[in-house]
Amino acid sequence: MAGEEVNRRTAPPGEGESAPGGLRPFRFLGAWGFLAFLPAFSIAVRAGDSADLEARLRVAHQLAREHNDRALVGRVEAAASEAKRLARDGKGADADAAVRRVEAEVGIDPGGWSMHGQPIFRPTPEIEAGRKEIGDRLDRAMASGDPAAVRAATGELQALLGDQAGVPDARRPGRHAPPVALAEREAVDLFLAALDGEGRSVRSLADPDAPPRMLRDHAGLIAALLDIRPAVMRQRPDRLAELDRTVASVCAVLVARQQPEGHFPFPDLRGRNLRFGDMIERAVRESGAVPRGGWILTPDPGGGSQFDTGLCGAALLRAGAARTNAAWTAAGLCAADWALAQRCVANFNYNAFSIGLLATASRVAGGTGYLDGALAKFRAGVAPGQAPNGRWTDPHNARTVYHLILLRGLLGLAAALPEERAAERREVRAALDRGLDALLPEHDACGVTVVAPAFLLDCVAAGVGDPARVRRALAEHAAVVVEDCRRDGGVRLRASAVDVAALARRTEDGRQETEEGRKP
């Protein structure tokens, strides 16, 4: 399936205490891990410039790998060699020019430390010297589940980063689009045409024999079809049975892929994705990961399996509630039980996926167990990491795409808390409000950097943030989605299915109407 969120959501898979079939757990790179994985670019220029040029090349190399472009990675590495040669010859200005050329190729403003005019994180030698020790303490604090210990460690990290706390290590260019008004029928027709435009890619999500791909794609399609079903029922009832069959088939694929412990596996992307393929190869070589049938079945002890498990478990729970399907509900609750048992990890957005899943499970199963578990993960695994600027402290989680993941988890938790738990609702809403206040200025300054109309629509429905500002942002996000879907002739899913489905929900003026009748 096409779309920015499908193609850009690139957090690695996750955690488990033991592996099925006797496989040893493997570890992917964490929020800081790319620094250890990239080659060392040693440039012998003046002492004050050497660390800066090296750091700039490391960031450029990181971003080139995220583009999944081997040729671009090769050009960055060639530029590093050229800069080293020039510096050795005493040509520091020429070395800097060589670095500037590759910075421009990967989207960094030439000279480093900003993208599209907005600052990005600058890893100084002092930060690099202190980050590992603090990171180890943060990991131990997360393992303890003690919010006070986590706050102490994140406080140290914030002190080390100073005014760079909450500054992302990468940014995307902003976009603007003229407002567009769609009636409900037009929004439904756009969604269906975009779905049809994907053809084989969408059908593969319902095919149990299709080549392995990230299961978060399956979860996104289920969620989108549930979101838009009421509008399809009103406007295009002729397509309803087909969409219902798709939901059933995709849910069946997820149930079949779920591991006995409750988590969902990650596809073996070696040879298909530069960044993940190399990471998996490293895990197989050094950490004992054993691929099987095109999948990495072993959960990641670094916490990343919470990503796909959170999304897939929540999708199954929603579908089970909508269709009164006990098997889907049982699979979703099995995923929630697995998530409940996982310790919090230092990559804050991973914890947010489990929070969202547990919040959904609490609505389906009732009682307080899942909800209390979600609150505990919020207090230890998310809230302490929020920086004074409203983003999350480390430069990875400060990226807008991960910031949105954290906010979605908080929005789900706030929605699940009943009115009688007013103090806890205020606690979660305070963090959510600070996070949204940090997001909207980026939109005001740059336009749409990460497409998120579904999230903004949920904020409107929940009364989160300043209504006028949120609605202005929502209008432009929706316009960008329409523009993308209609780009280059024909109609395609060039945004996530959930965000395209949100266009039909938007015609209800912010009212959250989905197949199972959930409301944020």
Side-chain angles (χ1 to χ4, degrees), residues 1 6-7 9-30 204-223 249-273 275-317 319 327-328 330-343 345 347 349-351 353-354 356-357 405:
M1 181 181 300
V6 170
N7 293 329
R9 282 185 298 199
T10 53
E15 178 178 14
E17 295 179 354
S18 61
L23 305 182
R24 286 195 292 134
F26 66 92
R27 182 178 296 275
F28 277 105
L29 303 182
S204 73
L205 295 174
D207 181 0
D209 298 319
R213 61 190 290 182
M214 292 184 181
L215 294 176
R216 63 195 69 170
D217 295 354
H218 299 68
L221 181 59
I222 293 168
S249 297
V250 179
C251 284
V253 170
L254 289 186
V255 171
R257 292 295 176 204
Q258 187 176 30
Q259 299 304 294
E261 294 86 351
H263 70 280
F264 288 83
F266 196 77
D268 184 353
L269 296 177
R270 289 177 295 177
R272 297 163 53 196
N273 182 283
R275 181 184 178 209
F276 286 133
D278 288 352
M279 293 163 80
I280 291 170
E281 186 60 47
R282 182 183 176 99
V284 170
R285 184 175 66 250
E286 298 180 3
S287 303
V290 181
R292 182 178 297 170
W295 296 92
I296 304 296
L297 303 181
T298 317
D300 169 30
S305 292
Q306 295 180 85
F307 194 134
D308 290 278
T309 301
L311 294 175
C312 294
L316 286 167
L317 287 171
W328 302 345
L333 292 176
C334 182
D337 290 338
W338 180 87
L340 189 62
Q342 305 311 301
R343 74 173 184 88
V345 296
N347 195 355
N349 78 78
Y350 289 163
N351 305 322
F353 283 108
S354 287
L357 170 57
I405 287 169

query: So how far is it from R343 CZ to N351 CG, rounded to the nearest 0.5 Å?
result: 9.0 Å

query: Residues in side chain to side chain contact (heavy atoms under 4.5 Å, CB included) with A336, at least two apart?
result: L357, L358, A361, Y370

- prompt: Which atoms form the tightest heavy-atom contact between A319 and I222, and what is the distance?
  reply: CB-CG2, 4.2 Å

message: What I'd like to find out is whether the side chain of V253 reaches to under 4.5 Å of the side chain of L205, using heavy atoms alone.
response: no

field: Inter-residue atom distance F307.CZ - F264.CZ, 0.5 Å rounding
entry: 14.5 Å

task: Over all heavy atoms of both residues, which pair between A206 and S249 is shortest? Give the atoms and the distance, please.
output: CB-CB, 3.5 Å

message: Using a 3.5 Å distance criterion without hydrogens, assess whether the side chain of H218 forms a donor-acceptor pair with backbone atoms of A315.
response: no

query: In Å, rounded to the nearest 0.5 Å, how long is the span from NE2 of H263 to CG of D308?
result: 10.5 Å

query: Which residues pass the side-chain hydrogen bond (donor to acceptor under 3.5 Å, both in side chains) test with R270, sequence neighbours left out?
result: D268, E281

field: Sidechain-backbone polar pair: R257 side chain, P208 backbone, donor-acceptor under 3.5 Å
entry: yes

message: Can you give me the closest heavy-atom contact between P265 and W295, atom names plus distance?
response: CG-CE3, 3.7 Å

- request: Might you point out which heavy atoms bring P212 and G293 nearest each other, and give the distance in Å?
  value: CG-O, 4.2 Å

message: Distance alone, cut at 3.5 Å: any donor-acceptor contact between the side chains of N347 and N349?
response: yes

- request: May I ask you to test the E261-D337 pair for a side-chain heavy-atom distance under 4.5 Å?
  value: no

- prompt: CZ/R216 to CZ/F266 distance, rounded to the nearest 0.5 angstrom?
  reply: 5.5 Å

- prompt: Under 3.5 Å, side chain of Q306 to main-chain N/O of G303, donor-acceptor pair present?
  reply: yes

- prompt: Any sub-3.5 Å donor-acceptor pair from Q258's side-chain atoms to A331's backbone N or O?
  reply: yes

- request: Determine yes or no for a side-chain-to-main-chain donor-acceptor pair under 3.5 angstrom, with T309 supplying the side chain and A335 the backbone.
  value: no

task: Using the test side chain to side chain contact (heavy atoms under 4.5 Å, CB included), find all partners of A210 that sit at least two apart in sequence or belong to another chain.
output: S204, D207

- request: Identify the heavy atoms of L254 and C312 that sit nearest to each other, and give their distance.
  value: CD2-SG, 3.8 Å

